[in-house]
Structures are given as structure tokens and as C-alpha cells.
Student: 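Just passing along the structure, written as C-alpha cells.
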2 protein chains.
Amino acid sequence: MGSVETLAAPQIRRRPLHAEVIDRLRDLIVQGALAPGARLNERVLCARFGISRTPLREAIKLLATEGLVELLPHRGAIVSALQPERLAETLAVMGALESLAGELACRHSSEAQVNEIRALHYEMLAHHARGDLGAYFKYNQQIHLKLVEAAGNAVLLHTYRQLNANVRRARYMANLSKERWDQAVAEHEEILAAFAARDAERLKRLLREHLASKLASVLGALGARAAA
Amino acid sequence: MGSVETLAAPQIRRRPLHAEVIDRLRDLIVQGALAPGARLNERVLCARFGISRTPLREAIKLLATEGLVELLPHRGAIVSALQPERLAETLAVMGALESLAGELACRHSSEAQVNEIRALHYEMLAHHARGDLGAYFKYNQQIHLKLVEAAGNAVLLHTYRQLNANVRRARYMANLSKERWDQAVAEHEEILAAFAARDAERLKRLLREHLASKLASVLGALGARAAA
DNA sequence: TTTTTGTATTCTGCATGCAAACTTGTCAGG
DNA sequence: CCTGACAAGTTTGCATGCAGAATACAAAAA
């Protein structure tokens with residue numbers, strides 16, 4: 001007997017602490033709670049997360065490879081600056097990746113994947129209609145990620161996500177103008193159509209153009225912010 | 001006077017230990033000294049490197065983001081397997097990156113950068129003539145890296161390097177046939193010509209083809225090895 | 001007032017300690 | 001002979017301790 005036991009928690013704790021910390025720290029940085037240039041004081045963050053320095057330090061070093069923070073030997077880490085030039089470089093790389101993703105997705109993705117993206121697209125339209133920029137961004141991100149995912153290339157997806165963090169950060173403080181926003185939605189409309197039609201060439205071109213206007217938008221917001 | 005002093009060692013130790021360890025570990029893995037599937041026993045590696053576990057663990061986690069090792073919770077890390085599929089995915093992504101690099105390099109690179117690559121090319125030819133595969137690979141790598149570097153996009157270079165580690169590993173055990181080797185050299189010849197002529201479209205096409213044959217070569221070697 | 005220098009404090013980088021989780025080997029039962 | 005369980009021994013994950021480096025601050029000199 002004793003077989004009555006509730007089978008409690010056979011899963012001990014699969015997720016290492018430092019992984020948890022990475023996500024929390026990344027969120028703080030992306031959302032701007034930790035502003036560019038801010039020092040990452042180990043003691044403070046340890047207290048904040050309720051952990052010790054070892055996993056925190058591991059997390060910080062990993063975030064450094066994503067380019068979210070900068071490591072200064074013997075002086076700790078700071079949230080990396082959002083340099084327009086670096087952002088442009090990142091978006092150029094992401095453009096190449098999205099282009100590849102579009103091509104692969106047209107060839108390899110299932111109808112279900114297209115429909116999933118279509119569904120996300122409509123949810124995004126709903127948030128656009130309501131003027132909810134935050135929710136819009138969230139679904140926008142999801143769509144791009146799903147598209148890259150549909151390419152069926154795990155390395156591609158991983159690389160894309162890695163680069164994306166920095167862009168999300170810039171995006172977070174970008175306040176789209178009504179025109180830009182409408183334009184972006186229109187572009188998404190076309191992108192979805194091209195994907196559904198499996199028109200790889202057109203999809204690649206649209207994705208490139210979409211990214212170019214995204215770059216302009218982000219740089220504009222960054223410039224306006226620097227001016228203020 | 002006094003100005004004669006050798007300006008001795010104002011640099012204390014700029015490079016953190018874990019960074020050193022990463023490089024050494026990466027070399028071990030790339031060169032196959034740590035075979036795929038091998039466990040990374042912390043104690044053993046600590047003794048080997050003469051350091052303690054903290055910096056070693058940091059290094060291992062960073063290598064995990066490069067895909068060189070795999071982290072198994074509570075069971076340590078193992079050298080990741082060289083799956084042909086994953087390699088193909090990696091090379092596809094690198095193809096997109098090289099293509100972008102070629103385009104940018106044609107536009108932005110200086111004549112000096114072209115000449116530097118030309119010089120490396122001739123050194124590579126020398127090693128090819130002598131049949132020194134190891135040295136050939138080394139210069140081959142350098143050329144590709146310099147080309148990406150010539151694009152003048154730091155993010156692109158970083159991303160490329162990150163992915164490259166895994167390919168180098170496969171490459172290390174690939175024993176090119178004479179034909180493949182000659183063909184690769186011929187392809188490099190064309191690539192250099194296109195780059196020198198700033199013919200972006202042609203360069204992109206050549207790079208794509210070069211990578212495709214590299215993929216075939218690596219997969220062939222991997223398959224042959226699996227058969228043995 | 002400005003610059004410099006000495007000192008105290010804070011913080012990072014690395015080493016080590018401890019508890020929990022996993023692995024291995026042995027043994028009882030079928 | 002095979003299956004399952006238990007115990008000993010490793011190994012990892014995280015916390016903490018300690019030395020050295022960097023910073024901040026204050027006092028003294030220019």
C-alpha cells in the first residue's frame with residue numbers, strides 16, 4: 001500500500017535557475033526597466049531575484065552574447081547602448097535571415113502553419129483596430145517568429161531569436177505614427193498573401209521592404225528620443 | 001630620459017579567465033579531442049585547466065549557446081552530436097549570411113581589404129600545392145572570415161563566427177577528395193575575382209554554390225565516418 | 001579654486017563548501 | 001536469467017568566502 005500517494009511532484013525542477021534569471025533580466029532590459037547604460041549591480045540584482053551571485057553572473061554573461069549587456073572587466077556589466085548603427089546592422093542581418101526563412105517556409109511549411117499565422121494576423125488586426133500598440137507588437141512579433149519557425153530550420157530560428165532581443169528593445173520605445181502603423185499593417189497583409197500563395201520571390205521582397213520600413217521607423221523613434 | 005623605459009605591462013590581465021577557457025574548450029571540441037557525446041566532467045576539466053569550477057561552468061554555458069555542447073540538467077554537459085541535419089541547417093543560415101556579406105563587401109570594402117584577401121588566397125594556394133590540408137583549411141577559414149569582415153557589419157561578423165564553430169568541427173574530420181579540393185580552390189578563385197570586380201550578384205551566386213558544395217563535402221565525410 | 005594624492009569602501013573574479021539529484025552496483029524476488 | 005529496488009558514491013547546482021581591482025571621497029598642495 002502507500003500506493004495512495006498523490007504522485008506528488010515527480011518533476012523536481014527541470015529548469016536551472018540561471019535560465020530563469022536570463023529571462024527575467026532580458027525582460028527588464030527589453031522593457032526598459034533597466035535603461036541603456038545602467039549598471040548591473042550584482043548585489044542589487046541578487047536581492048531582487050532572491051538568488052545568489054553565481055547563477056546571476058552566468059545569466060549576465062549569456063546576455064552579453066546576445067548583445068544586451070556589455071561586460072567591463074573588473075567593473076561589472078552595463079546595459080548596452082542602443083546605437084542606431086548597431087541596430088541597423090542587426091536589422092540587416094535579420095533581413096537576410098527572414099529572407100531565407102521566407103523562401104524555406106514557402107517550400108516546407110504546412111497548411112496548418114499558414115493558417116496559424118493567418119489567425120495571429122487577424123488577432124493583430126483586432127489590436128490595431130483598438131489602437132492597442134502593446135498587444136499589436138506582441139502579435140506582430142509572434143507572426144514573424146512563426147514565419148521563421150515555419151522554415152523548419154532550428155538553427156535559423158535560434159539565430160533569429162538571439163538577434164531579435166535587441167530589436168524588441170528599440171521597438172519597445174518606438175511610438176509608431178498612425179501612418180507608419182497603418183503602413184506596417186498593410187505590409188503584413190501583403191506578406192500573408194504572398195506566404196499563403198507560396199510565392200517565395202515576392203515574399204522575400206516584401207519581407208525586405210517591411211524590414212527596411214521597420215528600420216526607418218525604429219531609427220526615427222530613436223532619433224526623436226535622442227533629441228529629447 | 002627615463003623615457004627609455006619599456007612601458008612594462010600596464011595591462012594587468014584584461015582577459016577574464018572564463019574567456020580563456022572558452023577558447024581552449026572550443027579548440028578541444030573543434031579538433032575532436034573531445035569527441036561528440038563525450039561528457040564534460042567538471043572536475044577533470046578543472047584539473048586540466050588548473051582553474052576552479054566557477055569559470056569553467058560559465059564557459060560551458062557559453063559554449064552551449066554556440067551549440068557546441070548540450071546541457072543536461074543535473075547531469076552535466078556533453079559535446080553535442082554532429083547531426084547532418086543540423087549541419088545542413090547551419091550551412092543554410094551561413095549561406096544567407098555570406099550572401100549578405102558579399103553584397104555589403106562589394107559596396108563597402110576598401111581596396112586594401114580586397115588585397116588582404118588576395119594575399120590570403122595565394123597563401124592558401126601554396127598550401128594546396130603542397131597538399132597541406134590543415135594549413136589550407138586555416139587560410140580558407142581566414143578568407144571567409146575576412147570577407148564577412150569586409151562587409152563592415154559587426155553583428156553579421158559575430159553571428160557568422162558563432163555559427164562557424166560547429167562547421168569547423170565537421171570540417172576538421174572531413175578528408176577532401178582530390179577532386180573536391182581542386183574544385184573548392186577553383187571556386188575560391190572565382191569568388192576572389194568576383195569580389196575584386198565588385199560584382200555583387202555574381203559573388204553572391206558563387207558563395208551560395210561554394211557553400212552548397214561544402215555542404216555536400218561535409219555531409220559526405222560525415223556519412224563515410226558514420227558508415228565506418 | 002583646481003588638481004593631486006592617499007585612503008576607505010565597494011565590487012568583481014575566482015575558489016570552495018554543502019545539499020540535492022543522478023548514477024552505478026549489488027541483491028532479493030520472480 | 002531477468003526485473004526491480006535499495007544503498008553507496010559521484011556529480012551537479014547554488015551559496016558563500018576571500019583577495020584583488022576599481023571607484024569614491026576627502027584632505028592637502030599648487
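Protein chains get the first letters and strands the later ones, always in sequence-line order, with residue 1 at the start of each.
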Student: If you assign A/Arg53 and A/His18 each to the DNA chain D nucleotide with the nearest heavy atom, which residue ends up on the more 5' nucleotide?
Tutor: A/His18
Student: Could you check how far CD1 of A/Ile60 sits from P of C/dC14, rounded to whole Å?
Tutor: 14 Å
Student: Ignoring hydrogens and angles, write down the donor-acceptor pairs under 3.5 Å from the side chains of residues 55-67 of chain A, residues two or more places apart or on other chains.
Tutor:
| from | atom 1 | to | atom 2 | distance (Å) |
| --- | --- | --- | --- | --- |
| A/Arg57 | NH1 | A/Glu42 | OE2 | 2.7 |
| A/Thr65 | OG1 | A/Leu62 | O | 2.7 |
| A/Glu66 | OE1 | A/Arg26 | NE | 3.1 |
| A/Glu66 | OE2 | A/Arg26 | NH2 | 2.6 |

Student: Rounding to an integer number of Å, can you tell me how far A/Leu17 CG sits from C/dA20 C1'?
Tutor: 13 Å
Student: Return the value, rounded to whole Å, for the distance between atom CG of A/Leu56 and atom P of D/dA15.
Tutor: 10 Å
Student: Any base atoms under 4.0 Å from B/Leu71, or only sugar-phosphate, or nothing? Heavy atoms, all strands.
Tutor: nothing
Student: State which of D/dA15, C/dC11, C/dG13 makes the closest approach to the side chain of A/Thr54.
Tutor: D/dA15
Student: Nearest to the side chain of B/Pro55, which nucleotide is it out of D/dT12, C/dA15, C/dG13?
Tutor: C/dA15
Student: Look at the side-chain N and O atoms of A/Arg57 and state whether any lies under 4.0 Å from the OP1 or OP2 oxygen of C/dG13.
Tutor: yes
Student: Does C/dA15 have OP1 or OP2 sitting under 4.0 Å from an N or O in the side chain of B/Ser52?
Tutor: yes
Student: Would you say B/Tyr160 and B/Asn153 make side-chain contact, with heavy atoms under 4.5 Å?
Tutor: no
Student: Would you say a side-chain N or O of B/Arg39 is under 4.0 Å from OP1 or OP2 of D/dT12?
Tutor: yes
Student: What is the distance from NZ of B/Lys61 to P of D/dT12, rounded to the nearest Å?
Tutor: 10 Å
Student: Tell me the interatomic distance from B/Phe49, atom CZ, to C/dC14, atom P, rounded to whole angstroms.
Tutor: 14 Å
Student: Ignoring hydrogens, what is the shortest heavy-atom contact between B/Leu82 and B/Ala170? Give both atom names and the distance.
Tutor: CD1-CA, 3.9 Å
Student: Donor-acceptor pair, distance only, cut-off 3.5 Å: does the side chain of B/Arg39 make one with the backbone of B/Arg75?
Tutor: yes
Student: Would you mind reading off the distance between B/Glu20 atom CD and C/dC14 atom P, rounded to a whole angstrom?
Tutor: 10 Å
Student: On a heavy-atom basis, which atom in B/Ala88 and which in B/Leu215 lie closest, and how many Å separate them?
Tutor: CA-CD1, 3.7 Å
Student: Heavy-atom nearest nucleotide on DNA chain D for A/Ile51 versus B/Gly76: which residue maps closer to 5'?
Tutor: B/Gly76
Student: Expressed as a whole number of angstroms, how long is the span from A/Arg43:CZ to D/dG17:C1'?
Tutor: 13 Å
Student: Quick one: is A/Arg75 getting a side-chain N or O under 4.0 Å of the D/dT23 phosphate, OP1 or OP2?
Tutor: yes
Student: What is the separation between atom CG on A/Asn41 and atom P on D/dA24, rounded to the nearest whole Å?
Tutor: 12 Å
